[in-house]
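Written out below as structure tokens is the structure these notes cover.
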Amino acid sequence: MAGVATGVGSLPGDDVDRALALVFDELPDLPHLPELPARGPGADMIGRTATQLDGLAVDLQPSGWRLQPRPGLDVERGRVMLARDLDALLPVAGPGYDGWLKLQLAGPWTLAAALELPRGNPAISDAGAVRDLVAALCGTVRDHLIQVRRRVPGARLVLQFDEPGLPGVLAGRIPTASGLGRVRATEASDVEAALRDVVEAAGDVPVAIHCCHAEAPLQLLQAAGATAVGIDLLSGRPDYDALGELVEAEVALWLGAVPGLGPGSAPAPREVAEPVRRLWRELGFAAERLPDVVALTPSCGLAGASEGWAHSAYRILRQAMAALTEAPEGVSR
């Protein structure tokens, strides 16, 4: 869970075999199941999870995914795509694969903010709908892990919940259907309880929670039971006190250290590693502990990047993490 480079989840393009080859080649220590939103509805972060919900039906409307009494046609499309993606693991991982493998699902609060009720308001505006959604997601977690283990029974799984919408939920910034109002802020205790439910649904599988928003509620994610917390290191100065508490609690820090869309010129691995070293120095922890706590990721998903930058980003992250792991500043090996 630390001392490695990994991806957030999404990649450009629509060829899952090509995406898996990239992931396993460039991120061998913690590869992930790619998400390819360019394939259309059901391949995006929300649709990929919504179409798998256990006991809840959704339908795709012009405004987005909506909870409905019966599933729409796009639900089957999403399920078929995910099943094909899981089958595509076999040629690259094989039944004898025993390394790490990361999976991603949309978190309960980002889902609740994005999914609509039958009459159009966000699901988060209805406490009963949120309870049903959390329960359904717990079932989805268990089933998803079963389906992956059938294909790669020896893999050591990691599950990531993506929660970019969480700060908006806590701050009351989710718009109503009309766009003229905002849904009331959700209590932090309710947010934590729902996150803890889905974390516990993963059983003995380590869980990372990724929030690329500058206002990521780090202490809340720790309290919910996350094994790792992913943040965007490029969006501004993080809360050092909260980061320090995560380290003391032995929660891994997954730091988004390269941009999702790519800069004008690719940074050298040392240019990516140096801000991480500087952050670690300022947190005040011993240099030799860094590889046991920190992993590197892109700042967010790479769906909007070029395929060239996706390759470069993963390679740079892997090389930067190797530099941090092999020779932490001030420590001779």
Side-chain angles (χ1 to χ4, degrees), residues 1 4 6-58 60 65 71-108 111 136-162 198-199 201-208 210 297 301-303 310 314:
M1 296 293 286
V4 299
T6 191
V8 172
S10 63
L11 286 170
D14 58 8
D15 186 333
V16 70
D17 297 312
R18 186 171 178 174
L20 279 166
L22 164 64
V23 167
F24 275 78
D25 286 346
E26 296 291 356
L27 304 173
D29 295 321
L30 185 53
H32 64 90
L33 184 67
E35 299 168 358
L36 302 174
R39 293 183 296 182
D44 56 293
M45 178 184 68
I46 297 300
R48 191 171 175 93
T49 300
T51 56
Q52 313 301 318
L53 286 173
D54 182 28
L56 282 184
V58 296
L60 185 61
W65 291 95
L73 296 176
D74 290 294
V75 169
E76 183 60 23
R77 184 172 184 269
R79 291 177 177 174
V80 167
M81 276 194 291
L82 180 56
R84 287 176 178 170
D85 290 356
L86 296 180
D87 290 342
L89 281 169
L90 296 176
V92 292
Y97 179 74
D98 61 359
W100 289 104
L101 175 63
K102 182 169 75 70
L103 315 168
Q104 301 85 220
L105 291 170
L111 267 182
L137 184 57
C138 287
T140 300
V141 167
R142 290 186 284 266
D143 183 65
H144 190 43
L145 296 175
I146 289 170
Q147 295 302 322
V148 175
R149 283 175 169 141
R150 285 177 180 169
R151 273 83 165 186
V152 280
R156 291 173 286 166
L157 302 181
V158 179
L159 179 61
Q160 173 184 302
F161 287 110
D162 289 310
V198 297
V199 168
D204 59 356
V205 171
V207 172
H210 180 262
T297 74
L302 297 174
Y314 281 178

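Just so you know, these numbers come straight off a predicted model, no measurement behind them.
Taking the side chain as every heavy atom from C-beta outward, Leu36 and Leu11 approach each other to under 4.5 Å. Side-chain contact check for Trp65 versus Pro41: some heavy-atom pair is nearer than 4.5 Å. Looking only at side-chain heavy atoms (C-beta outward), Leu137 and Leu56 stay at 4.5 Å or farther from each other.
Residues satisfying the salt bridge (Lys or Arg N to Asp or Glu O under 4.0 Å) test with Arg149, not counting sequence neighbours, are Asp204. Scanning for side-chain contact (heavy atoms from CB on, under 4.5 Å) contacts around Val4 gives Asp29, Leu30, Ala295, with sequence neighbours left out. For Gln160, the side chain to side chain donor-acceptor pair (under 3.5 Å) partners two or more places apart in sequence, or in a different chain, are Lys102, Asp162. With sequence neighbours excluded, the residues satisfying side-chain contact (heavy atoms from CB on, under 4.5 Å) with Asp54 are Thr140. Every side chain to side chain donor-acceptor pair (under 3.5 Å) that Asp85 has, sequence neighbours left out, goes to Arg39, Arg48. Residues forming a side-chain contact (heavy atoms from CB on, under 4.5 Å) with Ala202 (at least two apart in sequence, or on another chain): Val141, Leu145, Leu159, Val205, Val207. Evaluation of the side chain to side chain donor-acceptor pair (under 3.5 Å) rule for Asp143 yields no partner, not counting sequence neighbours. For His144, there are no ring-ring contact (aromatic ring centres under 6.0 Å, His included) partners at least two apart in sequence or on another chain. Contacts of His32 classified as side chain to side chain donor-acceptor pair (under 3.5 Å), with partners at least two apart in sequence or in another chain: Tyr314. Scored by the salt bridge (Lys or Arg N to Asp or Glu O under 4.0 Å) test, Asp87 finds Arg151 as partners (sequence neighbours excluded).
Within the model, atoms CD of Gln52 and CE of Met81 stand 9.0 Å from one another, a figure rounded to the nearest 0.5 Å.
Ser10 and Ala303 get closest at one heavy-atom pair: OG-N, 3.4 Å. The minimum heavy-atom distance between Trp100 and Pro206, with the atom names listed, is CZ3-CG, 4.3 Å. Scanning both residues, Pro31 and Phe24, for their nearest heavy atoms gives CG-CE2, 3.7 Å. In terms of heavy atoms, Leu302 sits closest to Pro12 at O-CD, 3.2 Å.
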Report the C-alpha distance between Val152 and Asp98 in whole Å, list the side-chain angles of each, state the deciding distance to 0.1 Å, and finish with yes or no for side-chain contact (heavy atoms from CB on, under 4.5 Å). CA-CA 8 Å; Val152 280; Asp98 61 359; over 6 Å; no
Check the pair Leu73, Leu60 against side-chain contact (heavy atoms from CB on, under 4.5 Å), reporting the backbone distance first and the verdict last. CA-CA 8 Å; Leu73 296 176; Leu60 185 61; over 6 Å; no
Set out, in order, the CA-CA distance, both residues' side-chain angles and the distance that settles side-chain contact (heavy atoms from CB on, under 4.5 Å) for Thr51 and Asp74, then state yes or no. CA-CA 8 Å; Thr51 56; Asp74 290 294; 5.7 Å; no
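Of the possible polar contacts, none joining the Arg156 side chain to the Leu101 backbone as a donor-acceptor pair under 3.5 Å is found. Looking only at distances, a side-chain donor or acceptor of Thr49 sits under 3.5 Å from a matching main-chain atom of Ala106. Within the 3.5 Å criterion, the main-chain N or O of Thr6 finds no donor-acceptor partner in the side chain of Thr297.
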For residues 14-22, dump all side-chain donor-acceptor pairs below 3.5 Å to protein atoms at least two apart in sequence or in another chain.
residue, atom, partner, partner atom, Å
Asp15, OD1, Asp17, N, 3.0
Asp15, OD1, Arg18, N, 3.1
Arg18, NE, Glu307, OE1, 3.4
Arg18, NH2, Glu307, OE1, 3.2

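Here salt bridge (Lys or Arg N to Asp or Glu O under 4.0 Å) pairs that include residues 75-84, with residues two or more places apart or in two chains, number zero.
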